[in-house]
S.K.: 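Could you have a look at this structure, given as structure tokens, before my questions?
Predicted model only: the values in this text are computed from it and were never measured. Quick note on labels: first sequence line is chain A, next is B, and so on, each numbered from 1.
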Amino acid sequence: MNTEVEELVREAQLHMADRAPDPEPIRAALATGVARRARVRRTGLLVAAAAAAATVVTLTVPMVAFRTPAADPPAGPPPAPAAVEFAPVALGFHPTRLPAGLAERGRLLVLPEGTEPGLHRTWTAAADADPLDRRARLELGVRRTGEPLSTADGTPVDVGGREGVHHGADSKSYLAWRYDDATVLTLSEHGLGLSRPEMVAIARSVRPEPGTFSVPVRLGVLPDAIAVETAEIAGASPRSWSVLISGSELPAAGPSRGGKERAQVTFLSVTYATSAPAPAPADGRPVTVAGHPARWSAEKDGQAVLIVDLGGGRRLTLTASGVTEAEMIRVAGAVRVDDTPDVRWLGTP
Amino acid sequence: MTFEEFTAARLGALVRYATVVTWDPDLAQDITQNVLIRAQARWPRIGRLDAPEQYVKRMIVNEFLSWRRRVARLVPLPRESLDRIAPPAPDHGGEVVRRDAVARLIAALPPRQRAVIALRFYEDLSHEQIAEVLGCRAVTVRTTLSRALANLRTALSPTKTLVEESL
């Protein structure tokens with residue numbers, strides 16, 4: 001019967017492939033640099049601020065997350081610089097007109113290689129929004145570029161006298177417009193059902209916003225091969241939030257040896273949550289990370305998970321591929337979290 | 001080949017591939033965009049690989065598996081709406097009913113099994129090639145594939161009977 005099942009699977013897969021989304025919004029996003037992910041420089045290099053006017057400041061707030069009984073550092077030389085830390089980035093812009101019920105519940109730091117970093121902000125209607133959940137949302141992004149907007153397969157729109165282009169497809173739509181000679185703003189909605197005029201109205205309401213945003217987590221250790229790409233904080237309120245930092249390995253420069261490429265993309269993600277919503281899975285091997293109980297488990301596809309119980313509902317989760325158990329434990333043990341972060345914006349319009 | 005040339009030629013195929021791997025058109029769009037943004041930033045290196053498309057496809061599979069795992073570890077994953085993934089279609093005959101049934105069963109497979117059957121039957125990769133993509137041994141691929149097919153076979157048996165009875 002396997003042959004028959006296989007044929008059914010092939011048929012179903014072809015049918016599903018025909019339901020693939022329109023690639024044009026992706027093409028437009030790539031052309032205008034709309035990135036939900038990007039690259040962060042590592043190894044002690046502070047990330048440049050998103051706006052030229054923003055001040056680059058080293059994180060100097062107390063970092064408390066892992067503290068073994070003897071871990072309090074004695075007075076003396078300052079600690080070694082972190083492998084990855086994030087300087088504040090300018091908030092940039094803010095929509096002054098939002099659909100009823102939406103509140104800001106996520107900020108994603110994106111830093112494309114070789115260009116200025118940016119910040120993408122997310123508003124959702126759900127009180128328990130999670131950075132990884134794809135519920136209905138509105139996103140505002142900033143791209144520092146003077147390149148012309150791609151109008152392929154989009155509808156030209158006027159955003160307060162500025163050139164823009166709107167793409168709409170099923171349950172999501174996307175609007176990019178030139179704010180000034182060096183700045184393109186992007187607005188995307190997923191599952192909110194906003195019409196083109198509604199999207200344009202929101203875009204017209206966008207105004208500059210002073211202030212900066214900082215990621216309240218840094219990595220003290222990172223495997224040499226891995227470069228951090230994004231840092232995202234999201235949560236329902238200032239009392240309940242999480243930070244997700246993701247990175248992966250650059251492919252080797254030049255042609256691969258012997259025509260063979262490395263089997264898998266090496267990656268590492270680090271998630272810190274102030275209040276884990278569910279008990280940690282009981283599988284895996286018990287280990288200790290900086291005095292905290294943890295479980296490490298290898299998956300059959302070569303990936304591994306390390307979950308550290310920090311107590312009080314706080315949890316650190318590392319997911320990795322191509323990273324050894326020892327390296328994961330070392331990374332986890334060197335994570336530093338600002339215990340007094342400014343996250344008052346969570347849950348506000 | 002520049003990144004623009006690559007996406008001009010292969011974006012449509014990549015989105016279709018991601019849709020089959022994820023079995024979720026919305027997620028496929030998000031994952032493809034995320035992966036291509038990363039690939040764009042690294043294109044000077046990826047573009048020099050022997051098979052850049054294969055590398056990008058590996059990134060898509062890894063992004064999918066890691067996304068699923070992160071969500072599962074962080075929050076209780078809400079039961080997927082099978083009606084959204086494979087909306088019921090008017091019954092024009094047993095073939096449509098059976099195809100929808102298969103689509104729903106594939107949607108219910110564990111993500112790794114779903115990825116393996118996508119690589120095996122949509123991409124027509126060998127067990128060894130799938131093992132390279134997933135970073136595991138070929139025997140593990142065979143086991144995963146066998147379990148996926150067994151799950152489908154078991155689940156399809158009563159469905160098929162019902163379909164046949166309704167005709």
S.K.: Do A:P21 and B:T19 have side chains that get closer than 4.5 Å, going by heavy atoms?
M.R.: yes

S.K.: Quick one: list whatever passes ring pair (Phe, Tyr, Trp, His ring centres under 6.0 Å) with B:W43, sequence neighbours left out.
M.R.: B:F3, B:F6

S.K.: For the residue pair B:Y122 and A:V9, establish whether any side-chain heavy-atom pair is separated by less than 4.5 Å.
M.R.: no

S.K.: Quick check for you: among B:V20, B:T32, B:L14, which has the greatest number of heavy-atom pairs under 4.5 Å with chain A?
M.R.: B:V20

S.K.: If the condition is side chain to side chain donor-acceptor pair (under 3.5 Å), which residues does B:N151 pass it with, not counting sequence neighbours?
M.R.: B:Q113

S.K.: Indicate yes or no: at least one non-hydrogen side-chain atom of A:E6 is less than 4.5 angstrom from one of B:L152.
M.R.: no

S.K.: Answer with side chain, backbone, both or neither: which region of B:A115 has an atom nearer than 4.5 Å to a non-hydrogen atom of chain A?
M.R.: neither

S.K.: Among B:L105, B:V102, B:L149, which one satisfies side chain to side chain contact (heavy atoms under 4.5 Å, CB included) with A:V5?
M.R.: B:L149

S.K.: Which atom pair, heavy atoms only, marks the closest approach of A:A17 to B:R16?
M.R.: O-NH1, 3.4 Å

S.K.: Can you tell which part of B:I117 gets under 4.5 Å to a heavy atom of chain A, answering side chain, backbone, both or neither?
M.R.: both

S.K.: Look up atom CD1 in B:I106 and atom CG in A:L8, then write down how far apart they are to the nearest 0.5 Å.
M.R.: 9.0 Å

S.K.: So how far is it from B:F121 CZ to A:E7 CD, rounded to the nearest 0.5 Å?
M.R.: 9.0 Å

S.K.: Kindly compute the distance separating CD (B:E123) from CD (A:Q13), expressed to the nearest 0.5 Å.
M.R.: 9.5 Å

S.K.: Work out which heavy atom in A:P23 is nearest to a heavy atom in B:G12; give both atom names and the distance.
M.R.: CG-CA, 4.3 Å

